[in-house]
Amino acid sequence: MERALPPLPNVEKYRVVRTRFAPNPDFYIHLGNARPALLSYEYAREYRGVFILRFEDTDPRIKRPLPEAYGAIKEDLKWLGISWDEEYVQSARMELYYGVARELIARGGAYVDLCGREEFRKLKLERRGCPHRDQRPEESLELFDKMLSGHFGEGEAVVRVKTDLALSDPSLIDWVAFRVVDTSKHPHPLTGDRYVVWPTYNFAAGVDDRLMGVTHILRGREHALNTLKQLYVYRALGWEYPEVINLGRLRLEGMILSKSKIKEVLRRSRRAGTDDPRFGTLRSLRRRGILPEVVREIVLEVGVKGTDATISWENVASLNRRRVDPVAPRIMAVFDPVRVVIRGVPRDPSLRTLRLDYHPTNASLGSRTIDLGREEAVELFVSREDLHLLKERGALRLMEFCNISLESESGDRVETRFTGTELEIARKAGLKLVQWVPVRDHVRLDVLKPEGLGLRTLRGLAEASLVGFGPGTLVQLVRVGFVKLEDVYAKERKVKAVYAHD
RNA sequence: GCCGCGGUAGUAUAGCCCGGUCAAGUAUGCGGGCCUUUCGAGCCCGUGACCCGGGUUCAAAUCCCGGCCGCGGCACCA
């Protein structure tokens with residue numbers, strides 16, 4: 001059951017509701033980004049409004065855009081079921097920002113400051129303005145043009161928005177709206193070295209929200225201060241600020257979500273990709289077989305709140321399992337395989353050729369046959385940990401096949417005897433039901449499984465029919481868990497999969 | 001230097017704005033039962049919590065004050 005979203009504030013003030021999602025394309029987006037994205041989209045839809053996607057790529061130096069991220073983010077949004085009506089890239093709107101800057105300076109709402117970061121900081125903490133604060137707008141405009149023409153190097157000149165020297169929070173005082181970035185050294189992936197004067201987030205985002213007619217902003221709580229900053233631009237230009245809803249953070253327990261940590265893992269581990277199953281990126285979740293509906297469900301459940309929420313992986317797995325269980329084919333696979341020889345299995349064809357459904361209730365998934373051959377002894381693999389069950393009780397039930405009892409065991413050779421096919425007898429005897437894989441016909445199966453911050457490859461064997469499924473299929477390995485197939489090599493009889501959850 | 005947020009069962013959260021319907025809801029976990037050729041899923045039953053202290057009130061998880069603990073953010077990142 002999905003919770004209904006609370007109504008947006010002051011919708012009646014606007015002709016149409018316009019919301020936006022504005023990621024920095026410096027990296028792939030993660031579950032945390034899904035919250036504002038999904039909520040903004042949902043609200044736009046609910047109010048028959050407009051949803052805008054805006055790439056905020058105005059820092060070619062520190063948060064340098066990743067060329068492939070633009071497309072990857074769009075892909076991830078589509079995966080989530082999000083579509084957008086308008087799309088913008090800030091680095092393509094530079095002239096617009098310059099125009100607004102000129103107007104703001106002309107109105108005395110901003111000035112060009114040549115004091116340098118440290119000097120300004122010192123003055124600011126004493127609540128004193130720097131000399132440039134009082135220069136005439138014409139002077140600032142002139143300096144601004146010099147900035148644009150490349151006259152100043154990095155750190156030599158900035159445009160500051162005039163706020164209030166008496167502000168108790170010094171970080172608000174005359175914040176920087178434009179700075180110089182040496183794009184000959186740090187070229188922007190889209191515009192190269194065409195621009196050297198770049199708007200800061202607060203300027204570009206603040207201006208764009210106005211220019212794009214955004215009515216309701218849903219963004220992270222960490223932006224609370226930014227709203228106050230942007231308000232000075234709005235006031236100076238006589239604009240009215242949109243409605244703002246600050247959202248708390250969404251974390252995923254046991255998963256690496258932060259960009260910096262992901263990048264660190266990426267640096268350290270050669271085989272890790274941006275969709276590494278340990279990450280909380282949307283592509284990682286997708287790779288692990290988490291359904292987009294589940295992400296949606298979680299985000300809507302957590303709701304439109306300013307409080308942080310930590311989602312437990314158990315919860316994610318549980319929600320996903322509920323949706324996946326009815327449609328995932330069930331296959332037997334064993335890990336750490338041990339060969340078990342079964343004597344005395346009748347050569348009855350109905351016993352030696354098993355026809356098994358892929359799902360107990362979902363008939364549309366079909367079935368497969370397992371041929372156990374006609375040799376005197378039937379040989380199967382079971383998992384080593386299940387061998388203990390056999391040793392403890394002296395007997396075991398091989399699922400869908402027969403009951404066996406232990407005869408002898410030495411080293412890796414386990415001799416057992418067929419004792420019948422009756423499930424009821426096994427039940428009454430309290431035998432464990434165990435999955436198995438025939439020796440004469442099976443495929444190799446490697447499952448990549450995150451364990452804490454590590455990653456392990458479980459090497460095992462699976463029923464041969466596994467190669468009949470294509471990459472991307474979610475299958476349930478009986479008594480093991482759900483895995484998503486990644487690579488299926490039918491000829492080589494090998495399958496690679498990623499562990500989804502229990 | 002400054003700004004802000006939060007502390008509810010093992011875990012994650014709802015409720016708090018607008019005090020009574022909260023002897024606190026949901027999910028997960030755990031225990032038990034039913035069902036089942038999985039130790040899974042489903043269904044049923046059960047388990048277990050309002051950080052501490054003070055105040056306001058007929059009544060406080062909810063409002064106020066203090067304390068303790070945890071977390072986040074800004075200052076030419078977005």
Side-chain angles (χ1 to χ4, degrees), chain A residues 1 3 22-27 55-59 61-65 90 113 116-118 120-121 124-127 154-160 167-181 198-205 219-226 228-229 246 248-249 251-253 259 297-298 301-303 305-319 321-326 328 330 332 356-357 359-361 385-386 389 397-403 421-424 426-427 431-435 476-482 501-502:
Chain A
M1 251 279 281
R3 185 174 298 214
N24 178 349
D26 68 334
F27 206 61
F55 289 105
E56 307 206 323
D57 56 348
T58 61
D59 180 8
R61 190 178 47 193
I62 300 169
K63 288 197 175 170
R64 189 162 189 277
Q90 287 191 325
D113 172 32
R117 191 196 300 245
E118 282 316 307
F120 185 88
R121 188 182 139 86
K124 177 175 77 175
L125 290 179
E126 293 166 12
R127 297 298 186 275
E154 287 187 0
E156 290 175 5
V158 292
V159 175
R160 290 187 181 276
L167 248 22
S168 64
D169 185 345
S171 71
L172 252 38
I173 295 174
D174 289 15
W175 53 273
V176 172
F178 288 86
R179 79 288 205 193
V180 174
V181 176
W198 288 86
T200 58
Y201 163 78
N202 276 307
F203 191 84
R219 63 178 162 208
R221 229 182 38 198
E222 66 272 19
H223 290 293
L225 261 182
N226 292 329
L228 297 179
K229 288 187 184 180
N246 291 123
R249 284 224 173 153
R251 282 185 299 258
L252 193 48
E253 180 199 77
K259 271 178 208 171
E297 205 176 337
I298 288 168
E301 171 70 31
V302 168
K305 297 239 155 36
T307 52
D308 293 351
T310 305
I311 309 303
S312 74
W313 179 251
E314 271 176 352
N315 254 305
V316 175
S318 171
L319 291 172
R321 192 159 46 223
R322 195 165 305 170
R323 290 173 187 271
V324 148
D325 184 83
R330 301 178 186 189
M332 297 192 285
L356 308 179
D357 291 335
H359 196 281
T361 53
E385 55 175 5
D386 288 335
L389 296 173
R397 165 73 182 183
L398 297 168
M399 289 173 72
E400 311 269 9
F401 179 34
C402 69
N403 308 323
T421 57
E422 293 287 315
L423 173 65
E424 276 314 303
R427 275 259 155 73
L431 301 186
K432 292 289 179 184
L433 281 66
V434 156
Q435 81 281 11
Q476 181 183 167
L477 300 180
V478 177
R479 296 210 318 141
V480 174
F482 292 86
H501 47 75
D502 292 340

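All chains are named by letter (A, B, ...) in the order of the sequence lines, taking the proteins before the strands, and each is independently numbered beginning at 1. Any value given below was found using the heavy atoms of this structure, including those in side chains, with hydrogens, waters and symmetry copies removed. Worth saying up front: this structure is predicted, and the values here are computed from it rather than measured.
- A straight line from CH2 of A:Trp175 to C1' of B:G73 spans 17 Å, rounded to a whole angstrom.
- Residue-level contact check: A:Asp59 touches the backbone only, with heavy atoms under 4.0 Å from sugar-phosphate atoms and none from bases.
- A:Asp169 and A:Ser171 share a donor-acceptor pair across their side chains, judged by distance under 3.5 Å alone.
- Rounded to whole Å, the separation between the P atoms of B:C44 and B:G53 comes to 39 Å.
- Nucleic acid contact for A:Arg321: sugar-phosphate only, since backbone atoms but no base atoms lie under 4.0 Å from a heavy atom of the residue.
- Nearest to the side-chain atoms of A:Asp325 among the listed nucleotides B:C76, B:G73, B:G40 stands B:G40.
- Side-chain atoms of A:Arg427 and base atoms of B:U37 include no donor and acceptor less than 3.5 Å apart.
- The residue A:Ala224 sits apart from the nucleic acid: no heavy atom pair falls under 4.0 Å.
- Here the C1' atom of nucleotide B:U38 and the CZ atom of A:Phe401 are 18 Å apart, to the nearest Å.
- Remark: side-chain polar atoms of A:Arg397 are paired, donor with acceptor, to backbone N or O of A:Thr421 under 3.5 angstrom.
- Base engagement by A:Arg330 is indicated by at least one non-hydrogen atom pair under 4.0 Å involving a base atom.
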(request) Any chance you could lay out the salt bridge (Lys or Arg N to Asp or Glu O under 4.0 Å) test for A:Arg61 and A:Glu154, step after step, and finish with the verdict? (result) CA-CA 11 Å; A:Arg61 190 178 47 193; A:Glu154 287 187 0; 2.6 Å; yes
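- Within the nucleic acid shown, A:Asp57 has no heavy atom closer than 4.0 Å to any nucleic acid atom.
- When both distances must be under 3.5 Å, the Watson-Crick or G-U wobble mate of B:C35 does not exist.
- The side chain of A:Ser318 approaches B:U28 more closely than any other nucleotide in the set B:A78, B:U28, B:C2.
- If you find the closest nucleotide of RNA chain B to A:Pro199 and to A:Leu319, the one lying nearer the 5' end belongs to A:Leu319.
- Between the A:Thr310 side chain and the A:Arg251 main chain, no donor and acceptor come within less than 3.5 Å of each other.
- In this structure, B:C16 forms no base pair with any nucleotide, since neither Watson-Crick nor G-U wobble geometry is met with both distances under 3.5 Å.
- At whole-Å resolution of the value, NE2 in A:His359 and C1' in B:A41 are 8 Å apart.
- If you check every strand for non-hydrogen atoms under 4.0 Å, A:Gly248 touches nothing.
- With distances taken from any side-chain atom of A:Gln476 to the nucleotides B:A78, B:U38, B:U37, the minimum falls on B:U38.
- At a threshold of 4.0 Å, the pair A:Arg330-A:Asp325 counts as salt-bridged, since one of the basic side-chain nitrogens sits closer than that to a carboxylate oxygen.
- Residue contacts for A:Glu400: at a heavy-atom cut-off of 4.0 Å it reaches a base atom on one of the strands shown.
- Looking at heavy-atom distances under 4.0 Å, A:Ile62 makes contact with sugar-phosphate atoms alone, never a base.
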(message) Between A:Asp502 and A:Arg321, is the salt bridge (Lys or Arg N to Asp or Glu O under 4.0 Å) condition met? List the steps.
(response) CA-CA 8 Å; A:Asp502 292 340; A:Arg321 192 159 46 223; 5.7 Å; no
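- A:Asn246 comes within 4.0 angstrom of nothing in the nucleic acid, heavy atoms only.
- Across all strands, A:Gly220 comes closer than 4.0 Å to no nucleic acid atom at all (heavy-atom distances).
- The CG atom of A:Leu228 sits 12 Å away from the C1' atom of B:G73 (whole-angstrom rounding).
- When the nucleotides B:A75, B:A78, B:C76 are ranked by their closest atom to the side chain of A:Lys229, B:A75 comes out on top.
- Side-chain proximity of A:His223 to B:C2, B:G40, B:A78: nearest is B:A78.
- Residue contacts for A:Leu389: at a heavy-atom cut-off of 4.0 Å it reaches a base atom on one of the strands shown.
- Across the protein-nucleic acid pair, A:Arg219 atom CZ and B:C5 atom P stand 16 Å apart, rounded to whole Å.
- Rounded to whole Å, atom P of B:A78 lies 11 Å from atom CZ of A:Phe178.
- Between A:Phe482 and A:Glu314, the residue whose closest nucleotide on RNA chain B is further toward the 5' end is A:Glu314.
- In this structure, of B:C3, B:U37, B:A78, it is B:C3 that holds the atom nearest to the side chain of A:Asp169.
- As a whole-Å value, the separation of A:Arg251 CZ from B:U11 P is 15 Å.
- Side chains of A:Asn315 and A:Ser318: no donor on one and acceptor on the other come within 3.5 Å.
- Out of B:C76, B:A27, B:C3, the shortest distance to the side chain of A:Arg160 is found at B:C76.
- Between B:A27, B:U37, B:A78, one nucleotide has an atom nearer to the side chain of A:Arg397 than all others, and that is B:U37.
- Pairing partner, B:A41: none, since no Watson-Crick or wobble contact has both distances short of 3.5 Å.
- The distance from atom CZ of A:Phe120 to atom CG of A:Asp113, rounded to the nearest 0.5 Å, is 6.0 Å.
- Residue-level contact check: A:Arg322 touches the backbone only, with heavy atoms under 4.0 Å from sugar-phosphate atoms and none from bases.
- With B:G4, B:A78, B:G1 as the choices, the nucleotide that has an atom nearest any side-chain atom of A:Leu125 turns out to be B:G1.
- Distance from the side chain of A:Tyr201 is smallest for B:A78 among the nucleotides B:U13, B:A78, B:C5.
- The nucleotide B:G29 finds its pairing partner in B:U47, both defining distances of the Watson-Crick or G-U wobble pair being shorter than 3.5 Å.
- Here A:Lys432 lies out of heavy-atom contact (under 4.0 Å) with every strand.
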